[in-house]
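What follows is a short report on a single structure.
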Amino acid sequence: MPQVTLTVNGKSHTVEVEGRTLLVELLREKLRLTGTHVGCDTSQCGACVVHVNGESVKSCTLLALQADGAQVTTIEGLAKPDGTLHPMQEAFREYHALQCGFCTPGMVMAAIDLVQKHPQGLSEREIREGLEGNLCRCTGYHNIVKAIAAAAEVMHGRRSEIARAAE
Amino acid sequence: MNVVVPFEGIGASVRRKEDPRFLSGRGQYTDDIVRPNQAYACILRSPHAHAAIRGIDTAAAKAMPGVLAVFTGADMAGIGGLPCGWQIHSKDGSPMAEPKHPVLAEGKVRHVGDPVAVVVAETRAQARDAAEAIVVDYEVLPAAATMEAALAPGAPAIHEGAPGNICYDWHLGDKAATDAAFAAAHKVVSFETSNNRLVPNAMEPRAAIGDYDTATGEYTLWTTSQNPHVIRLLMGAFVLQIPEAKLRVIAPDVGGGFGSKIFHYAEEAIVTWAAGRLGRPVKWTADRTESFMSDAHGRDHVTKAELALDKDGKFLALRVSTLANMGAYLSTFAPSVPTYLYATLLAGCYTTPAIYAEVKAVFTNTVPVDAYRGAGRPEATFLLERLVDIAAAEMGMDRIEIRRRNFIPPDAFPYQTPVALQYDSGNYHATLDAALQAADWAGFEARRAEAARRGRLRGIGCSTYIEACGIAPSAVVGSLGARAGLYEVGTIRVHPTGSVTVLTGAHSHGQGHETTFAQLVADQLGVPLAQVEVVHGDTARVPFGMGTYGSRSLAVGGSAMVKAMDKIIAKGKRIAAHLMEASVEDVEFDRGTFRVAGTDKTKSLAEIALAAYVPHNYPIEELEPGLEETAFYDPKNFTYPGGCHIAEVEIDPETGQVQVVNFTAVDDVGRVINPMIVEGQVQGGVAQGVGQALLEQAVYDAEGQLLSGSMMDYCLPRAEDLPPVGVATHTTLCTHNPLGVKGCGEVGAIGSPPAVINAVVDALRDYGVRHIEMPATPQRIWSIIHAKRPAAAE
C-alpha cells in the first residue's frame, strides 16, 4: 500500500493508505482525530473542513495521498496547549453558535479561514455568503454569524476579548 | 472579601456546559466510537420502488476480501418486524391496516432504499465493495409513488391486508354540527393545499454499533437515537426478543434529530443481531445518500379546508379533509402524526365552535413518513393560517383584525376546544401586539413603497399559532391508541460531599439539556452549577425514560426532576431536624440551606448529604441512609405554547427569488430557564420553517425514484438564505406542571411557514394571487409573475 507523510496539528505521521482513502478517513480512522466529521457524500455540508497548508479544505474532497507533505490543522489542534480556546471557538461558545455540535468543527475551521482572508473586516452579508460551503441544521446561522463577527474583531486585534454584550 | 457569584439559576443565559467538548473536537458521536475488533456493515438497498425479489445470489460477495458474512431476509426470517407504536382506528371502528415491516426485505421491496441484504466485513470499504457484488433478481412491479397514484382504481397493491392502499380512514369532531354551521354561514372560504414532503437532514447521519459480550450474553447497541429506552423496548421485546436486562442501549452525543431519530430503524436491529451471530462488534454508518432514502421523511399532506364565517368575520365552523402519506411501511409513530398531533390543533388560537376533520392515511412506494419537527402541528397551522388570510381578503377585512376578532380571549382559560384539547393558558393578543410592534407592522407600507422604487415586490405576513406539546398524559394517549406511556423519569443523586448527578430519560441532541437541567437543579438545590452533572442517553445508567421529542424534555423531564428534588428536600429536612434537634415542621429549606425557622441554626445541603452517607448521628431507625431520589412524572395535560410570527419578504420579479428580509418571533413558551438557549431553539426552528416555505421538497418521479436524494438536489437553507431572526418571549405560565414551562423546541418550525407564505402572497397581491404552494421556489413565483400582468397595470 502507498504511504503518505503529513504533519497534523504539529505532529508528523507516516501512514499506509489505500489509493482511494480520503483525507477525512485518514484523520478519523487512522489518526483517530474524530473531531472532523462527515455529514454528506457530495461535498455539500462542510462538516469535514480542515486547514491544509493554512487554507480551509473539505477533507472529504481530497485523497489522503494528495496531502503528502502537507501541514494539516484540525479542530483538535486549534486550542493552545494550555487549553486556551482560539477566539473563534470562544466566540462560538459565547454567542451560542452551536447546538448539536456536529457541523461545528467544520464551521469553526471555515470561519477562521474566512476571517483571515478578510483583514479589513466582514459585513453580515459577507459572512453569510462566506459560509456558503457549510450547512448547519440547528442554529439558523443567526448566532454563527454574530460569533464570526465578534471573533474577527479579536483576531484582527481590534478588540481584546470575546464578550457578548449585556442582554 | 465580597465574591461576586454570577447568577446561574432559572432565567440566566448561562453559557453551555457541553460546548467545550464540541468546540475542541472531543464530542463522542456514534461513528467516533471504535470497539475492539470492530467489523463494518454495508446495507444493500433496493434500487426499485416496488419489485418482487426472485432470488439473491450472495456467493460472489461472500468470496470477496475481508467479508465475514452476508445476510438476507431469509437469514433473519425468525426475527420480528419493526413495530408500530400507535394504533389508529378508522371511522367504522376497525383497526388500521398494519402490515409487517421486515428488517430485511422478505420477498418484496416497497421503496427505493428498502434494505435487502447486509454485508459484514473487516473494513468499511470491503463491505461496500462486496455489497456491489450481490446479485438480486428483481421483478419490477408498477409503483404508486404518490397518494393520487396509490388511490387510483387499479393501483398496485403495496401490501396484502391494506385494500386500496388505505392504512386508515379516521375522523374527529362533530360532523353534524359543522355541516349545520356551514349551511347557515354568511360566507364559506375554501382552498386546497399540499404540505410539502421534507427530509429532516440532521447533520449527523444515522449510525449504529452492535456489540455482544460472549461472557455475559449481554448485547450493547450504540445508536443515534433521541430515546434509547424506547429503542431497547421496541427492539428487545418485538424484534430480537432480547430481555431488557441483557440489552443496553447507548445514545451518546447525537448530532441533531428533529424527530428523525425517534424511530426504531432496521439498521439498529441488523447490527445488534449480526454482532450476536458473529461474536464481533458491527458498525454501520449511513452515508448521506442512504439517509435520504432510509430516514423517515416528514409532512406530505394533501388537504381541502373550508371555513364558514358570519357577516362580521367570526369563524363559525371549519371542515378539513386530508390525505396523509405514510410511505411504504408504518414508521414507529407515523399513524399519530396526521391524527392526534394534527386534527386536534385545528382550533388554533380561535373560538371556532364546530370543527370536523377527516384523514385518510395512504401507503405509497416511498420512504416511510413520520414525525419531523412539529409533527402534524405545522401542517394544521399552515392550512389554518393560510385560510384565515384568504378569508380576510375575501371578506374585505384586515388580516390582523380578523384574528383579533376570533382569538380565544385571555380570560377564557382553561378553554375547551371542539377537537378534544383543553388549553390551560395563553394570551394571544399580547403576543400579537408585541410582534406587531417589534416588526413595525404599522410602518410597513413605507418599506413596501421604498422596495418598489428599487424594483422589488415587498410583502409582510403573520401567523398566530398555538401548538400542543410536552407530550403527554399516558392515560389520555393510551385511550387514543398509543402503545406506550409518555411520562418521564428523573433521578437526583446528591453525593456525600454535596455535588449532584442528575439522571434523566430525556436525551439531548442539541437542546443543551446538560446546561438547562443543571441550571434547574442548581437553582432549586442551591448547588453551584459546576457541581451538577447531567447524565442521559444510557439505559444502563438511567432508569426507564421515554426520551426527547414533542418539546417534552423540560415540561415532562424537568418536572420529574422537580418531584425528585422535592423528595430530596423532604428527606433532608428530616435529617436536618435530627441534627439540629428541632421538629421537622420547623425546618425550612432555601437554596442550599436548611434552617430552623426563626433561628440562626443552619445546615448546608452538603452537611446533610455527608450525614446521610456517614450516618453516625442519624435517625437510622426511621430513615434510610443515602440521599438519592427518583421520580416519574406523568403530565396532567399537554402544554400549549403559542405566539405570533411575522415575516417580511422581498421578491425580485426578474428571477422570482424570494428573500426573507425580516423575521420576528414572539413566543409564549411558559417560564424560560435559559433565554439564550430558548432563542437558539426558536431561531433554528424558524430556519427549518423558512426552509419548508421556500426551499425544501422531497421529490419522487412517477416510478418512485427519489430525485431529491442528495444535498445537491434537496435544498437545505444556507446562511445567505436566511435573515437574522428576532426572538422575544411573552410568558403565561403553564398551569399544570410545577415549573410553569411549555416547551420551545418546535414553535419555530410550526409558526413560521404560514407567516412566510402569507408574506409572499402579500408581496404578489397585485398579481391576483390567492395562494402559493410550498416551497415557493423562484420558478413557481416567476411563473406567476409572468403568467399575469399586475392587476393594477391593466
Side-chain angles (χ1 to χ4, degrees), chain A residues 18 20-21 25 28-29 32-42 44-45 47 74-79 83 85-86 89-90 92-105 108 124-125 127-146 164 167, chain B residues 13 15-16 18-29 31-34 124-125 200-205 253-258 285 287-289 509-512 675-677 679-688 690 710-712 716-725 727 748:
Chain A
E18 285 188 76
R20 61 181 167 178
T21 301
E25 293 169 337
R28 287 182 55 79
E29 289 167 25
R32 298 292 297 134
L33 291 168
T34 55
T36 302
H37 297 150
V38 179
C40 75
D41 45 16
T42 51
Q44 299 291 303
C45 79
T74 70
I75 190 76
E76 289 92 341
L78 272 190
L85 295 179
H86 185 282
Q89 293 170 304
E90 190 67 44
F92 267 59
R93 183 171 193 220
E94 189 66 12
Y95 283 83
H96 186 35
L98 66 155
Q99 291 183 21
C100 81
F102 195 80
C103 78
T104 307
V108 167
E124 185 209 322
R125 178 56 37 194
I127 293 173
R128 288 182 181 272
E129 286 170 3
L131 293 178
E132 207 262 338
N134 290 75
L135 284 168
C136 169
R137 193 59 157 161
C138 293
T139 64
Y141 307 98
H142 181 97
N143 287 337
I144 292 176
V145 173
K146 283 183 160 182
R164 192 170 172 177
E167 285 137 57
Chain B
S13 284
R15 305 309 185 247
R16 299 201 318 170
E18 42 275 85
D19 286 356
R21 76 171 185 272
F22 291 141
L23 282 164
S24 57
R26 293 197 301 265
Q28 279 284 289
Y29 301 87
D31 190 56
D32 299 341
I33 294 165
V34 173
R124 222 183 277 258
N201 272 304
M203 290 311 300
E204 180 205 21
D253 286 330
V254 172
F258 315 115
T285 306
D287 58 30
R288 182 60 61 180
T289 305
H509 30 281
Q511 295 88 342
M676 177 189 82
I677 287 177
E679 286 173 27
Q681 287 293 306
V682 174
Q683 285 158 351
V686 167
Q688 291 180 8
V690 172
S710 81
M711 285 179 175
M712 290 194 293
L716 291 166
R718 292 177 186 273
E720 57 190 322
D721 298 319
L722 294 169
V725 176
V727 178

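Only this structure's heavy atoms are used, side chains among them; waters, hydrogens and symmetry mates stay out. Just so it is clear, the model here is predicted, and its values are computed rather than measured. First the proteins, then the strands, lettered A, B, ... as listed; each starts at 1.
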Pick from [options] with the largest number of heavy-atom pairs that fall under 4.5 Å of chain B:
options: A:Glu129, A:His37, A:Glu94, A:Glu76; value: A:Glu94
options: A:Thr21, A:Leu131, A:Leu98; value: A:Leu98
options: A:Glu124, A:Arg20, A:Glu18, A:Arg125; value: A:Arg20

Counting only heavy atoms closer than 4.5 Å, note whether [X] contacts chain A via side chain, backbone, both or neither.
X: B:Thr289; value: both
X: B:Asp31; value: both
X: B:Arg718; value: both
X: B:Gln681; value: both
X: B:Val254; value: backbone

### Message
Ignoring hydrogens, what is the shortest heavy-atom contact between B:Tyr29 and A:Phe102? Give both atom names and the distance.
### Response
OH-N, 3.4 Å

### Query
Which heavy atom of A:Cys100 sits nearest a heavy atom of B:Gly256, and at what distance?
CB-N, 3.3 Å

Has the side chain of [X] got a donor or acceptor atom that lies under 3.5 Å from a matching backbone atom of [Y]?
X: A:Tyr141; Y: B:Pro717; answer: yes
X: B:Arg288; Y: A:Gly39; answer: yes
X: A:Gln89; Y: B:Leu23; answer: yes
X: A:Arg137; Y: B:Phe258; answer: no
X: A:Gln99; Y: B:Gly680; answer: yes

Which one, [options], leads in non-hydrogen pairs under 4.5 Å with chain A?
options: B:Pro200, B:Ala719, B:Gly255, B:Gly25; answer: B:Ala719
options: B:Gly685, B:Gly27, B:Ser24; answer: B:Ser24
options: B:Ser710, B:Ala687, B:Pro205; answer: B:Pro205

### Task
Give the C-alpha distance, both sets of side-chain angles, the deciding distance and a yes or no for side-chain contact (heavy atoms from CB on, under 4.5 Å) between A:Leu135 and B:Met203.
CA-CA 8 Å; A:Leu135 284 168; B:Met203 290 311 300; 3.8 Å; yes

Could you tell me which portion of [X] (side chain, backbone, both or neither) has an atom closer than 4.5 angstrom to a non-hydrogen atom of chain B?
X: A:Thr139; result: backbone
X: A:Leu78; result: neither
X: A:Arg93; result: both

Taking the side chain as everything from C-beta on, heavy atoms only, tell me whether [X] gets closer than 4.5 Å to [Y].
X: A:Cys45; Y: B:Met711; result: yes
X: B:Leu722; Y: A:His142; result: no
X: A:His96; Y: B:Ile677; result: yes

### Task
Sequence neighbours left out, what passes side-chain contact (heavy atoms from CB on, under 4.5 Å) with A:Glu90? Give chain and number order.
A:Leu85, A:Ile162

#### Entry: Pair A:Glu29 + B:Arg124, salt bridge at N-O below 4.0 Å
yes

### Query
Is B:Asp32 paired with A:Arg32 through a side-chain N to carboxylate O contact shorter than 4.0 Å?
no

